[in-house]
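Let me begin by presenting the structure, written as structure tokens, before commenting on it.
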Amino acid sequence: MSATVFDRTWMWHPDFHEDRTDTAGLLVHFKRTINITGSLPASLPIQITADTRYKLYVNQQFVTFGPVKGEQNLWFYDEVDIAPFLRTGENHLAVIVLRFFHATQYAPSFPRLTSGGLRIVAPEAWAEDLQSSESWEAAIDPWTVFRIDEPEDRFLHVYERVTGSAKLEWKPAKLLEFRVSTGNSAPWHLSPRLIPTLRIEQIAFSAVHNCDSSVPLQVWEKALLGSGLPLCLPPGSTHQLDLEVPFHTTAFVEAVFERMPQDATGNSLTLTYAESYEDTPIEVPDIRRKGQRCDYSKSLFGPKDIYEMNAQSMHDSLRYTSNPKSTVVVRPFHWRTFRFIRVNITAGSHPLVLNELTINKVNYPLHRLADIDPLDTETKTLWDISIRTLENCMHDCYEDCPFYEQLQYAMDVRSSALFTYYLSGDDRMARQAIIQLRNSFQARVGLTLSRSPTHRPQIIPHFSLFWILTVYDHLHFFGDTTFTKESLPIIEAVLSFFDNKIDPAFGLVKLEDGPGLWNFIDWAQEWKPHGLNPVVASTGISTYTNNLYAHTLTNVAAIMSALGLPHRAEEYRVRAESIVHAIRKHCFTGTLFTDTIASAASPAPPSQHAQVWSVLSGAATGDLARDILQKSLSPDAPEKFIRASTAMSFYTARALSLAGGSIYDSHFHAFWEPWRAQIKLGLTTWQEDDVSCRSDCHAWGSVPLHEFAGEVAGLSPAEPGWAVVGFAPRVGLYRRFRATVPVPMALGMVVACVSWDVIASGDVQVDLEFKWVDEERGGDGDGHLHAGPPAMAVLVRLPGQEDVRLDGVTRAAFVVSSAEVPRFDR
């Protein structure tokens, strides 16, 4: 019998308890000093992770922030090379760990397991100096509270209140011990991170507003926008001012003050973060009254960090700043989201000197390879705001609004991943999201969670179907059949859940509300407050649900075909056809689709959702598809329809495209009116919706990224993994257009360069060229492309011409007759 084996790579504070009721968690500090007498190592990689989050400093320099949010099936660690931060002689290592308490529902955006812990593993030659051991010292910060009393915050609980400080009490760290023999394991199932580290870059404030201070506005502007710091604030003075950044931003915030005299009292700093100026909210935080976002006559509402500062500082013994003896540093642990920051400063019994107030923008490092040039500044603005919105919803996972939730929802992931593919060709975050949502499968129900990772599980049945569509999209764009096969058991289990819910009387899925299930559809005005269609309640049968289910079955059939499973593909096609047939029979009036079975439909207006998804499922095709879309989307239609929100706009566009004919082109420019309205209101990212106006940044609004790359430029995979490139440019939408679109290939990244012009004859000259991306020199649309032999197979579809497949294409040119191009340009 083998010996009992233990994992002793984790350490923690020996006296940490999770019994405080005034905070969502606590900070634990770790420090270690090592001496290097010989030559410095060229490389010294360490593995580091923590439950729940950590920051690593070496010799007063910030090194990294992590880990990527994990969950019980997959907990990530970082591999960090600390050699560049080391020096000959004494070296100081410091780690701050934020531990959210496990047995509470606070901070649902941050998964954690039953025990706090910090894990550091080093190469054997450095193990005694660096890795987890009792030689590390640990101290609990009892004064930093992670606020659970902030009315603007229901999900994050990262906002801080510091009401005192003193010397920390340091103790040797305690090694945790987990049996790992005979089938046992540590709580955290470790994996190297799957995505790159975040990009951090310092940015500047752009303006100061609403200054209420004895210090003149011009002095504040020079200090905060120019080179006027340090700034001395008189004793007994109070100051309030609003700071603006050019665009909606996610960033680390830091304020540095000179150390006060020992007898100083009464100094404080409060930072209020807001996405816009607004009127007093109707309901905090969910229902807002926003208009012009830069109406400085209104006020700022948002979560607050609150700090009391004095001469006694627990940071004296920490190694997070180069001048701990002469400065007081206010540095919220987690990054913040804002367009505006309201700063309130009180100088107490002595002058208070502000040395620095800095912001460091932080995002996933998207490598932008796609770009457009339509010779139309408004169109380019739509594109640029969409990029910014997507980036601000990408950190260590895809996020539903960085300001409020920072949760990764399956419906949001589907569109965000597609936008990412078209912008950068990068699938790393999408792969991680697919895995995390797959790991969330709940066998007791037969569905994945609606969001993962999370500390507060939630199930929305429809979102399991959106997860399946994300798996399909990934196969379609990247052709990775091995990765796709890993999801097949969960895909089939989810489809079985819906199949088991089919009502035999109608042949349609019937979902009833009950504990633990939320049959959310959309944030339509008429379906407030929870996005549920009341018409469905009488029957439990939703046309939307069944259309989404049939659409998913069709896509799963395509997955099975690509995986070489024709019999399974046929089974799912048959199941899809059965649902579609039942929709036509029971949910169609002869002119439009009702939201439930037609015989039980109420006099409430029908929804755009029922029409859009009936097209996507194939229940409506050809003239019928175009007719119901025209009726439901036209503002001049005699019949009123419940309008789909921004969340559904991507699917509305897909239905217009699928319907064929000229309906997509004829609606294209008017389609963007809600986005143009947001630009006029001063938004720099796309809002969550115009019903609650809760958040000003939500990635599902970045639809222009997909439409300009996939529909206007006309590039899409005609076969999985771009084995054949589909090229169907919509040349009637712009008289001149340029675009680059990434095409990820097995041998490297290719960019397709598309352009067209209306020439003297009135015909359209169309050009297509493929170039390799120079990965070593970078990209971000900066021209690091080079010609080569990326000979591609291309399926060309142009107006008035037969579809043609061209093989071995590096570049090609086409002419489209003006007689074949209905013009829909603005």
Side-chain angles (χ1 to χ4, degrees), residues 9-11 27-50 53-68 76-98 117-133 135-139 141 168 170 173 192-193 195-202 251-254 256 314-327 329-335 355-356 358-365 395-396:
T9 60
W10 290 80
M11 60 183 172
L27 292 175
V28 182
H29 301 270
F30 293 82
K31 67 177 182 178
R32 180 80 194 271
T33 299
I34 64 171
N35 281 287
I36 300 179
T37 56
S39 59
L40 294 174
S43 176
L44 180 46
I46 64 169
Q47 293 178 7
I48 181 170
T49 189
R53 306 283 272 177
Y54 77 87
K55 284 183 177 178
L56 170 65
Y57 295 81
V58 176
N59 290 326
Q60 296 83 43
Q61 297 181 73
F62 171 75
V63 178
T64 193
F65 169 69
V68 172
F76 297 107
Y77 65 85
D78 297 305
E79 186 165 293
V80 184
D81 186 0
I82 64 172
F85 302 93
L86 298 175
R87 62 196 180 200
T88 301
E90 193 172 78
N91 289 264
H92 303 282
L93 287 79
V95 183
I96 321 174
V97 176
L98 166 55
L118 170 64
R119 182 181 189 266
I120 300 175
V121 176
E124 185 176 353
W126 292 88
E128 185 176 346
D129 288 323
L130 296 176
Q131 69 185 30
S132 304
S133 73
S135 296
W136 282 82
E137 294 181 272
D141 170 5
L168 291 171
W170 293 93
R193 69 183 296 139
I195 60 175
T197 55
L198 299 177
R199 178 190 293 143
I200 301 176
E201 54 185 325
Q202 186 168 333
F252 287 110
V253 178
E254 181 175 300
V256 180
M314 63 182 179
H315 294 287
D316 288 355
S317 57
L318 300 178
R319 300 287 181 170
Y320 307 139
T321 178
S322 58
N323 300 302
K325 302 290 186 181
S326 60
T327 60
V329 179
V330 174
R331 183 187 288 147
F333 181 88
H334 194 265
W335 50 265
N355 285 344
E356 295 179 40
T358 57
I359 46 176
N360 287 284
K361 182 175 178 288
V362 58
N363 299 96
Y364 180 90
H395 291 89
D396 51 4

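Numbering starts at 1 and runs along the sequence shown. For the numbers below, each heavy atom of this structure counts, side chains included, while hydrogens, waters and symmetry mates do not.
- The line from CG of Leu130 to CG of Leu44 is 5.5 Å long, rounded to the nearest 0.5 Å.
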Could you go through the side chain to side chain contact (heavy atoms under 4.5 Å, CB included) check for Val121 and Gln131 one step at a time?
-> CA-CA 5 Å; Val121 176; Gln131 69 185 30; 4.0 Å; yes
Before giving the answer on side chain to side chain contact (heavy atoms under 4.5 Å, CB included), spell out for His92 and Tyr57 the whole-Å C-alpha distance, their side-chain angles and the decisive distance to 0.1 Å.
-> CA-CA 8 Å; His92 303 282; Tyr57 295 81; over 6 Å; no
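- Distance CG/Leu86 to CH2/Trp126: 6.5 Å, rounded to 0.5 Å.
- The shortest side-chain heavy-atom distance between Ile36 and Thr88 does not fall under the 4.5 Å cut-off.
- Shortest non-hydrogen contact noted between Tyr77 and Pro192 is CE2-N, 3.4 Å.
- Aromatic ring orientation, His395 versus Trp335: parallel (interplanar angle below 30°, classes split at 30° and 60°).
- Here CG of Asn91 is found 7.5 Å from CG of Leu40. Values are rounded to the nearest 0.5 Å.
- Residues Pro45 and Pro123 approach most closely at O-CD, 3.0 Å, considering heavy atoms.
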Check the pair Ser135 / Glu128 against side chain to side chain contact (heavy atoms under 4.5 Å, CB included), numbers first and verdict last.
-> CA-CA 9 Å; Ser135 296; Glu128 185 176 346; over 6 Å; no
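- Taking the side chain as every heavy atom from C-beta outward, Ile120 and Phe30 never approach each other to under 4.5 Å.
- We find the OG1-CD distance between Thr358 and Gln202 to be 5.5 Å, quoted to the nearest 0.5 Å.
- Closest of all the heavy-atom pairs between Pro196 and Tyr364 is CD-OH, 3.5 Å.
- Side-chain contact between Asp396 and Phe76 is absent, with no heavy atoms from C-beta onward closer than 4.5 Å.
- One finds the CG atom of Asp129 at 12.0 Å from the CD1 atom of Ile46 (value rounded to the nearest 0.5 Å).
- Within 6.0 Å of atom CD in Glu124, 12 or fewer heavy atoms from other residues, nucleotides or ligands are found, so the atom counts as exposed in its surroundings.
- Using a 3.5 Å distance cut-off with no hydrogens or angles, the side chains of Thr9 and Arg119 do pair a donor with an acceptor.
- Scanning all heavy atoms of the two residues, the minimum distance from Ser133 to Arg32 falls at OG-NH1, 4.0 Å.
- Considering every non-hydrogen atom in both Ser43 and Ala83, the closest pair reads CA-CB, 3.7 Å.
- When side chains are defined from C-beta on, Tyr320 does not count as touching Val329, because their heavy atoms never get closer than 4.5 Å.
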Carefully, step by step, assess Trp10 and Thr49 under the rule side chain to side chain contact (heavy atoms under 4.5 Å, CB included).
-> CA-CA 9 Å; Trp10 290 80; Thr49 189; 3.6 Å; yes
Does the pair Phe252 and Phe65 meet the rule for a ring pair (Phe, Tyr, Trp, His ring centres under 6.0 Å), with working shown?
-> CA-CA 11 Å; Phe252 287 110; Phe65 169 69; 5.3 Å; yes
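- A 4.5 Å side-chain heavy-atom check between Leu98 and His334 finds every atom pair outside the cut-off.
- Atom CG of residue Leu118 and atom CE of residue Met11 lie 4.0 Å apart, to the nearest 0.5 angstrom.
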